[in-house]
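Scroll down for the structure; my scribbles are underneath it.
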2 protein chains.
Amino acid sequence: MELVLVKLGGSLITDKDKPYTARREVITQLVEQVSLIKHENPNLKLIIGNGAGSFAHQSANKYNTINGFSCDEEKLGFCLVHQDALDLNFLLAKSFLQAGLPVVSLPPITMTITHNKKLLKSDFSVIESSLKAGLIPLVFGDVVLDQAVGGTVFSTDAMLAELAKYFYLQGKFKVRLINVGNYAGVYDQEGQVVSNITQANYSQIKPFLGKSKSVDVTGGMAKKVEEFLTISSLGIDCWIIDGNIPGNLASSVLGTPTLGTLIRAF
Amino acid sequence: MELVLVKLGGSLITDKDKPYTARREVITQLVEQVSLIKHENPNLKLIIGNGAGSFAHQSANKYNTINGFSCDEEKLGFCLVHQDALDLNFLLAKSFLQAGLPVVSLPPITMTITHNKKLLKSDFSVIESSLKAGLIPLVFGDVVLDQAVGGTVFSTDAMLAELAKYFYLQGKFKVRLINVGNYAGVYDQEGQVVSNITQANYSQIKPFLGKSKSVDVTGGMAKKVEEFLTISSLGIDCWIIDGNIPGNLASSVLGTPTLGTLIRAF
């Protein structure tokens with residue numbers, strides 16, 4: 001069975017320079033592509049995760065939520081970040097439901113706990129049951145509770161990488177991960193898209209990976225590529241593709257090669 | 001340590017005769033009371049659960065979600081019910097957050113699984129961690145996945161009863177449950193509020209317990225009283241009180257007797 005994890009980037013589905021502003025026409029276009037994918041390949045299992053974009057990154061930055069909470073204000077901040085993340089996720093969920101796609105919003109805070117900002121344990125049984133029931137789990141970058149510092153932020157990339165690993169290791173699925181962003185792929189020194197990243201060439205590429213221009217509390221491109229390199233070493237292909245090109249997500253999921261960066265460890 | 005589980009009834013916080021309509025002035029009044037409770041007794045642990053009212057009961061009825069899903073339409077229905085339940089819960093969550101209360105919305109679908117509409121297993125660790133971190137978990141009546149029939153509805157009453165039992169049996173908490181409804185308590189044959197229900201007198205009261213006048217897929221007063229009688233036999237006092245009376249929730253949680261029905265097994 002095939003499982004594809006799709007990350008819809010925060011910079012793609014929101015205007016990262018305008019707080020709390022979704023790019024609704026882009027969302028509509030992405031939802032249409034997911035409909036097409038399900039129509040063309042009804043047996044394909046999908047998990048969709050969305051970035052926080054200009055929603056939860058704003059509040060997470062304001063309350064420094066990634067570093068935990070100690071006072072009442074930071075505690076309330078943690079809750080506000082959760083609510084901001086849910087707001088964007090719901091806007092997306094509703095677009096999928098209107099298109100007749102059976103998505104179910106499942107917040108990572110209920111599945112994951114950290115200790116000193118490092119993953120301590122996860123329980124993905126609700127994702128597994130949802131897939132078995134024929135639903136499309138919808139996850140997102142969320143706050144999670146932390147046994148040492150109260151709480152922290154768990155990025156969509158980290159969540160999808162954990163899920164990809166979990167389902168891959170069960171041995172039941174061929175797993176791929178597709179990161180749909182507001183960029184054509186990973187850029188090199190000359191601004192050209194790097195077509196392949198492997199463990200062998202990553203050290204030459206790393207110095208050119210920039211930080212996000214907008215508010216992004218979870219790390220930017222270098223962290224993303226490193227998360228993906230780790231899981232690609234198991235045998236999970238990861239693509240970084242441009243979501244602004246109509247049809248790019250669908251053609252990528254359905255197997256036709258597409259412009260972008262393929263991360264394959266070896 | 002004291003733990004109070006508060007059920008905010010769907011018929012109280014929504015207009016059950018007008019689909020998808022919240023009673024915002026009632027919600028504001030209830031939020032103010034929770035603020036007062038936390039101010040008067042900061043160490044008290046609270047879990048709040050809200051009924052679905054005229055939000056998710058509408059769609060749950062339309063798609064017969066309580067009995068599972070087999071076709072694509074019912075599967076989509078299951079997802080729409082989840083989203084309707086979340087909509088009302090969010091409206092509530094935002095009111096609490098605006099008042100500075102650190103609530104965190106935690107959907108029961110992620111914690112509970114059923115088999116043939118009977119509870120199979122639950123994992124409440126995220127509720128426990130939230131309480132430990134000083135947050136107020138906010139739950140609600142939700143859809144849950146079912147191993148035999150695909151999915152079903154798990155009521156707020158059932159969820160709160162399970163949580164009450166779970167925390168009571170840990171032995172760390174003195175646990176109470178307060179059901180805040182759109183009625184003065186449980187009524188007898190003459191329309192008078194029954195002040196006490198016990199296992200001994202329940203058989204005389206049962207015949208007079210009516211069904212809900214509006215759409216309610218989860219069972220009405222008899223089922224509620226029976227859920228509460230079961231947990232009260234452990235030693236958990238359950239109150240059914242009128243949420244329309246300003247201050248009634250606060251005085252009830254803070255210990256002053258209030259008009260209503262007390263369910264205490266013996």
Side-chain angles (χ1 to χ4, degrees), chain A residues 38 42 68-84 86-87 89-90 93-94 96-114 121 123-138 142-147 149-151, chain B residues 38 42 68-70 72-84 86-87 89-90 93-94 96-114 120-121 123-138 142-147 149-151:
Chain A
K38 289 303 281 181
F69 54 75
S70 45
C71 65
D72 281 350
E73 196 196 349
E74 285 171 355
K75 198 177 283 181
L76 181 65
F78 175 93
C79 297
L80 290 167
V81 175
H82 180 57
Q83 211 58 35
D84 283 348
L86 286 168
D87 269 348
N89 182 259
F90 276 27
K94 287 186 176 175
F96 282 115
L97 291 169
Q98 271 162 19
L101 289 160
V103 298
V104 60
S105 169
L106 301 169
I109 189 177
T110 61
M111 301 171 217
T112 300
I113 194 152
T114 55
K121 61 176 181 181
D123 178 351
F124 297 137
S125 51
V126 66
I127 305 266
E128 207 172 332
S129 305
S130 302
L131 286 177
K132 208 179 280 177
L135 309 178
I136 303 174
L138 203 56
D142 198 5
V143 293
V144 293
L145 293 157
D146 185 290
Q147 289 192 342
V149 296
Chain B
K38 288 303 282 180
F69 53 75
S70 46
D72 282 350
E73 196 195 349
E74 284 171 357
K75 197 177 283 181
L76 181 65
F78 175 93
C79 297
L80 289 166
V81 175
H82 180 57
Q83 211 59 36
D84 282 349
L86 286 168
D87 270 350
N89 182 260
F90 274 28
K94 287 188 175 173
F96 282 115
L97 290 169
Q98 271 163 18
L101 289 160
V103 297
V104 61
S105 168
L106 301 169
I109 189 177
T110 62
M111 302 172 215
T112 299
I113 193 153
T114 55
L120 186 67
K121 61 178 181 182
D123 178 351
F124 296 137
S125 51
V126 66
I127 305 266
E128 206 171 335
S129 304
S130 301
L131 286 176
K132 207 178 280 176
L135 309 178
I136 303 174
L138 202 55
D142 197 6
V143 293
V144 291
L145 293 159
D146 186 288
Q147 289 192 341
V149 297

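By convention in this document, chain letters (A, B, ...) are assigned in the order of the sequence lines, proteins followed by strands, and residues within each chain are numbered from 1.
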- [ ] Report the option among B/L80, B/L97, B/D146, B/V104 that has the most heavy-atom pairs separated by less than 4.5 Å from atoms of chain A.
- [x] B/L97
Task: chain B contact via A/L101 - side chain, backbone, both or neither, heavy atoms under 4.5 Å - done: backbone
TODO: Using non-hydrogen atoms and a 4.5 Å limit, figure out which bit of A/L145 sits close to chain B: side chain, backbone, both or neither.
DONE: side chain
Open item on the list: What's the separation between atom NZ in A/K121 and atom OG in B/S125, rounded to the nearest 0.5 Å?
Closed with: 5.5 Å
- [ ] State, to 0.1 Å, how close B/L106 and A/I109 come at their nearest heavy-atom pair, and which atoms those are.
- [x] CD2-CG2, 3.9 Å
Open item on the list: Are there over 12 heavy-atom neighbours, none belonging to A/Q147, within less than 6.0 Å of that residue's CD?
Closed with: yes
Task: Top contributor to chain B interface from A/D72, A/D87, A/I136 [non-hydrogen pairs under 4.5 Å] - done: A/D87
Task: Which atoms of A/A133 approach chain B - backbone, side chain, both or neither, heavy atom under 4.5 Å - done: both
TODO: Working to the nearest 0.5 Å, report the span between CZ of B/F69 and CG of A/L135.
DONE: 5.0 Å
Task: 4.5 Å side-chain heavy-atom contact, B/V103 and A/C79 - done: no
Task: Heavy-atom pairs under 4.5 Å with chain A, option from B/L76, B/V144, B/I127, B/D123 with the top count - done: B/L76
Open item on the list: Please give me the minimum heavy-atom distance between B/K75 and A/G134, naming the atom from each residue.
Closed with: CD-O, 3.7 Å
TODO: Determine the minimum heavy-atom distance between B/S105 and A/L86, stating which atoms define it.
DONE: CB-CD1, 4.4 Å
- [ ] Please look at A/T112 and chain B and tell me whether the side chain, the backbone, both or neither of the residue comes under 4.5 angstrom of a heavy atom of that chain.
- [x] neither
Open item on the list: Below 4.5 Å, heavy-atom pairs only: which of B/H82, B/K94, B/Q83 has the largest tally toward chain A?
Closed with: B/Q83
Open item on the list: So for A/F96, is it side chain, backbone, both, or neither that comes closer than 4.5 Å to the heavy atoms of chain B?
Closed with: neither
Task: Smallest separation among heavy atoms of B/S129 and A/I113, with atom names - done: OG-CD1, 3.6 Å
